[in-house]
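Structure first, commentary second.
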Amino acid sequence: MWETSGVFAPKNDPEAKTLPAGRQAFTIIMPPPNANDPLHIGHAMYVVEDILIRYHRMRGEATLWLPGTDHAGIETQFVFEKKLKKEGKSRFDFDRKTLYNMIWDYVQKNSGIAVAQLKKLGFSPDWSRFKFTLDPQIVDLVLETFFELHKRGLVYRDLRLVNYCTRCGTGYSELEAKHEVKKDPFIYIKYGPFTIGTVRPETKFRDTALAVNPTDKRYSKHIGKTFEIMGLLGPITMTVIADPDVDPEFGTGIMKVTPAHDFHDFELGKQNNLPVTPIVDFNGKMDFSWFLSKKDIEPKYKERAERYHGLHVSKARPMMIEDLKADGLLEKIDETYEHTLSTCYRCGSVLEPLPLPQFFLSVKPMTQKALKALRDKKVKIHGPGYDKILVHWLENLKDWNISRQIVWGIRIPAWYSTKDYPNLQVTFLGNDKQLISGAVGELLKVHTLEDIRTGIQSLKAPVDAKFTLSKTSPGDNFIQETDTFDTWFSSAQWPFVTLQANKPGDFERFYPTQVMDTAYDILIFWVMRMIMMGLEMTGEVPFEHVYLHGLVRDEKGQKMSKSKGNVINPLEYVEKFGADALRMALVMSTTAGKDSNTGKDKIRGMRNFTNKVWNAGRFMSMANQSTEGKNDKDFHAHLNEVVKTITRQLDQLKVGLAAETVYNEFWHWFCDACIEQNKKGKISLKALTQGFETFLKLLHPFMPFVTEEIWDKLARKEKGLLIAAHWPTSES
RNA sequence: GGAUCCGUAGCUCAGUGGUAGAGCGUUCGGCUUACAUCCGAAAGGGCAGAGGUUCGAUACCUCUCGGAUCCACCA
């Protein structure tokens, strides 16, 4: 009935109330769930949004809740690759276009599930405005944003170290790396006249300098001097440079510098003009081709380099330690050393810092605008402490790496001319389904440009390569960048692109939106970037309030995870206890920004409450018929207070508190006290009926199904659907 | 190393500058004609500790202790 009645869509009624401050509507953009995943309990927390939407709709406002789903680039490709692996295949068995289409079909097949589940939870978004992040109009707008940002000088391409997962084959932004404490042998190596300590002996072959703290008296005299040092592959020369970041207390106080494989060293290398010389490749394997291509190598060293070459770091490292021992270069090993490593948040592999040209956004101008908006209270964060966390991030944010080396996403619309770069390095899956690497010119002898454009796996354009921005090929001789945008790059634009890509006039009418509700764990990933991007592109904040709900934990307070087996499937509980019970359990007595423990007991308790509401409805038809009650006046007075309180609480986004209030007032006041008084003739039927209808309205945003059902039996014929009924007014 | 949050009844958590609340659990008594997925009654808390502000603090400030989370660095 709700869906066919059209109430989910914002009313076009010119009589729709004009809201305070000239606001035309009450709008919430739904955080898009991953299109290919079934819902988890976190999505059920969107009930906060549905409560607010239903409340404002009943207030007579033009109310829009805009739903959608997310292509979730890395997550989805990762899931799909796991599926391929089960079938004994990998992403390299398919050319780019085929792989993309396969994932597209896979996602399409699953995307209906999430939507059906949202409906089962009783959510009331306007399905006619549904958007997917890869809908053509959305992609189009995202590309335009990129062009505009480039025009404003905020886009650049640069060689940087990226946190690269050699397992997943892509780099990540600084936010996506997880940190894990690991125990690794800390090796002290004789290094010419010095001793250095390291956990990564394998990178030593391409060290470019030695660094010491300029205030360290032991070493300061060596600064600027060059030493010949005996290594595993023969003698090398090394210059000592000054670096105030070197901690004299740590290890031996002298540090090797490897710009290609360490973030700090990369920066240090820039300052000192050191070359970036990688030794680990993008598969996590040792690459000694630079050495083996030399002439006249001593057989001993040649044998070693050949042995190491192509081995994974984890295999090569112990081998090198043995060789160091054999050469008498190993001083000692500290086996107790603990340090923190970056790991892939998807697969858990250790991330390799690797040099790769990437597209970046200059964030500074955007963070400044965001900070100002926060200072001016244009955006208000609900959830204690999170406003400070957000400010801290905005003040310290580094430029945003928006390139991802995956196919599932929006391909970066930068094109390189094969005329400018005939030696552009590409990896191409040929007609014979073999991976072929080489320069464009060479490949063109056997394949057409069109073949290469669609079949290309990866392209390594030089850092300073000229590129043309265009939605389609700008000419006959262009090859498109193979990287795709970080999913968050398009998600950051979600509040305005969904409205711009929708019905004409929507953006003007519904933007800026009022509330953004999401879990606090994506405050930085998403909310911060939406504020930045919204301000940059529209000049306005994307939303006025950010409601950060907590994470839903199990009844013991443990984080839910698949490995612990304590994951709650929301739909299971909908089956068992009803959607109303689950909804109520999720918001009852919760506060913004705080985790809540939701287990069976709590949901069962709320099922009992649902039942209580139902039974009160049954009582109404057999209530005491008295037309006058001596407590009627007090009854109305208290009812008025209840309406006032709940209205105020909802206006202040205190959803958990409002749920608690309506629960207590309905059960312990209306049922326990007032119904009993009616039985004794102290409260009239008229007053009681009016009170019950008021409570049905107050309860409706929280428990839409039972309340609508009771309303259907009681009052719908005269008064229409409860979902569209008028919120009770209170006299102050 | 930096930051944030929390410490209230046995458990899980709300809450407020003016003599403490809910759910679950516990105890006792009830199939009272809406509801035993219920009703009635009861036990149980000097709101972590110390100091300060205030006429008055659980609530505001400082410190201590305890717990959680986030970020940075680690050759």
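Letters A, B, ... are given to chains in the order of the sequence lines, protein chains preceding strands, and every chain is numbered from 1.
The shortest distance between the side-chain N/O atoms of A:Lys594 and the OP1/OP2 oxygens of B:A14 is below 4.0 Å. Residue A:Tyr188 places none of its side-chain N or O atoms closer than 4.0 Å to OP1 or OP2 of B:A75. For B:G2, neither phosphate oxygen OP1 nor OP2 lies less than 4.0 angstrom from any side-chain nitrogen or oxygen of A:His392. At B:A75, none of the side-chain N or O atoms of A:Lys204 fall inside 4.0 Å of OP1 or OP2 (strictly under the cut-off).
The CD atom of A:Glu249 sits 15 Å away from the C1' atom of B:G1 (whole-angstrom rounding). The CZ atom of A:Phe250 sits 16 Å away from the P atom of B:G1 (whole-angstrom rounding). Rounded to an integer number of Å, the gap from CG of A:Leu523 to P of B:C71 is 12 Å. Separating the CD1 atom of A:Ile646 from the C1' atom of B:G15 is a distance of 16 Å, rounded to the nearest angstrom. Here B:A75 presents its P atom at 18 Å from CG of A:Asp216, a figure rounded to the nearest Å. A:Leu341 places its CG atom 12 Å from the P atom of B:C73, with the value rounded to the nearest Å. One can place OH of A:Tyr219 at 12 Å from C1' of B:A75, the figure rounded to the nearest angstrom.
Between A:Phe619 and A:Phe692, the gap from one ring centroid to the other reaches at least 6.0 Å. Here A:His222 and A:Phe194 bring their ring centres to under 6.0 angstrom of each other. Less than 6.0 angstrom separates the ring centroid of A:Phe250 from the ring centroid of A:Phe186. Annotation: A:His545 is not in aromatic contact with A:Tyr547 [ring centroid separation under 6.0 Å not met].
Looking at RNA chain B, the stems built from 3 or more consecutive Watson-Crick or G-U wobble pairs, each pair with its key distances under 3.5 Å, are B:1-7 with B:65-71, B:10-13 with B:21-24, B:26-30 with B:38-42, B:48-52 with B:60-64.
Scanning for salt bridge (charged side-chain N to carboxylate O under 4.0 Å, His left out) contacts around A:Glu575 gives A:Lys120, with sequence neighbours left out. Take A:Thr647 and apply the side chain to side chain donor-acceptor pair (under 3.5 Å) test, not counting sequence neighbours, and it matches A:Trp727. For A:Asp216, the salt bridge (charged side-chain N to carboxylate O under 4.0 Å, His left out) test picks out A:Arg218, with sequence neighbours left out. A:Asp387 meets the salt bridge (charged side-chain N to carboxylate O under 4.0 Å, His left out) test with no other residue; sequence neighbours excluded. A:Glu395 meets the side-chain contact (heavy atoms from CB on, under 4.5 Å) test with A:Leu371, A:Val391; sequence neighbours excluded. For the side-chain contact (heavy atoms from CB on, under 4.5 Å) test, residues two or more places apart in sequence or in another chain that qualify with A:Glu322 are A:Lys325.
Comparing B:G29 with B:U64, their C1' atoms sit 48 Å apart, to the nearest whole Å. With C1' as the reference atom, B:U32 and B:C39 are 8 Å apart, rounded to whole Å. Across B:A9 and B:A68, the matching C1' atoms stand 22 Å from one another, rounded to whole Å. Using atom C1' as the reference point in both B:U37 and B:C70, the two lie 42 Å apart (nearest Å). With C1' as the reference atom, B:A75 and B:U4 are 31 Å apart, rounded to whole Å. Atom P of B:A14 sits at a distance of 37 Å from the matching atom of B:G30, rounded to the whole Å. Taking the P atom of each, B:C60 and B:G67 are spaced 23 Å apart, rounded to whole Å. Nucleotides B:U58 and B:G46 are separated by 11 Å at their C1' atoms, to the nearest Å.
Within the structure, side-chain hydrogen bond (donor to acceptor under 3.5 Å, both in side chains) pairs that include any residue of residues 238-249 of chain A comprise A:Thr226-A:Thr239, A:Asp243-A:His264, A:Asp245-A:His264 (at least two apart or interchain).
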Produce the list of close N/O pairs, under 3.5 Å, pairing protein atoms with atoms of nucleotides 21-23 of chain B; give distances to one decimal.
unit_1: B:G23; atom_1: OP1; unit_2: A:His668; atom_2: NE2; d: 3.0

Under 3.5 Å, N/O pairs linking protein and nucleotides 65-70 of chain B:
none

For a quick check, with a 4.0 angstrom heavy-atom cut-off, what is the B/S/- contact string for nucleotides 28-37 of chain B, read 5' to 3'? ------BB-B
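With a glycosidic angle further than 90° from 0, B:G49 counts as anti.
Residues A:Ser621 and A:Lys713 have side chains that never bring a donor and an acceptor to within less than 3.5 angstrom of each other.
Residue contacts for A:Gly197: at a heavy-atom cut-off of 4.0 Å it reaches the sugar-phosphate backbone alone, with no base atom in range. Using a 4.0 Å heavy-atom cutoff across all strands shown, A:Ser621 reaches no nucleic acid atom at all. Nucleic acid contact for A:Phe692: none, since no nucleic acid atom lies under 4.0 Å from a heavy atom of the residue.
At least one cation-pi condition fails for A:Arg160 and A:Phe266: the charged atom is not both under 6.0 angstrom from the six-membered ring centre and inside a 45 degree cone around its axis.
Taking the six-membered ring where the residue is Trp, A:Phe695 and A:Trp669 present tilted rings, their angle falling between 30° and 60°. Using cut-offs of 30° and 60° on the angle between ring planes, the pair A:Phe205 and A:Tyr308 is tilted. Relative orientation of the A:Phe666 and A:Phe670 rings is parallel, given thresholds of 30° and 60° on the angle between their planes.
Taking every heavy atom of residues 255-271 of chain A and every atom of RNA chain B, pairs under 4.0 Å involve A:Met255, A:His264, by number.
A salt bridge is absent between A:Lys190 and A:Glu331; no separation between the charged side-chain nitrogens and carboxylate oxygens falls under 4.0 Å. A:Asp207 and A:Lys204 are not joined by a salt bridge, as no carboxylate oxygen comes within less than 4.0 angstrom of a charged side-chain nitrogen.
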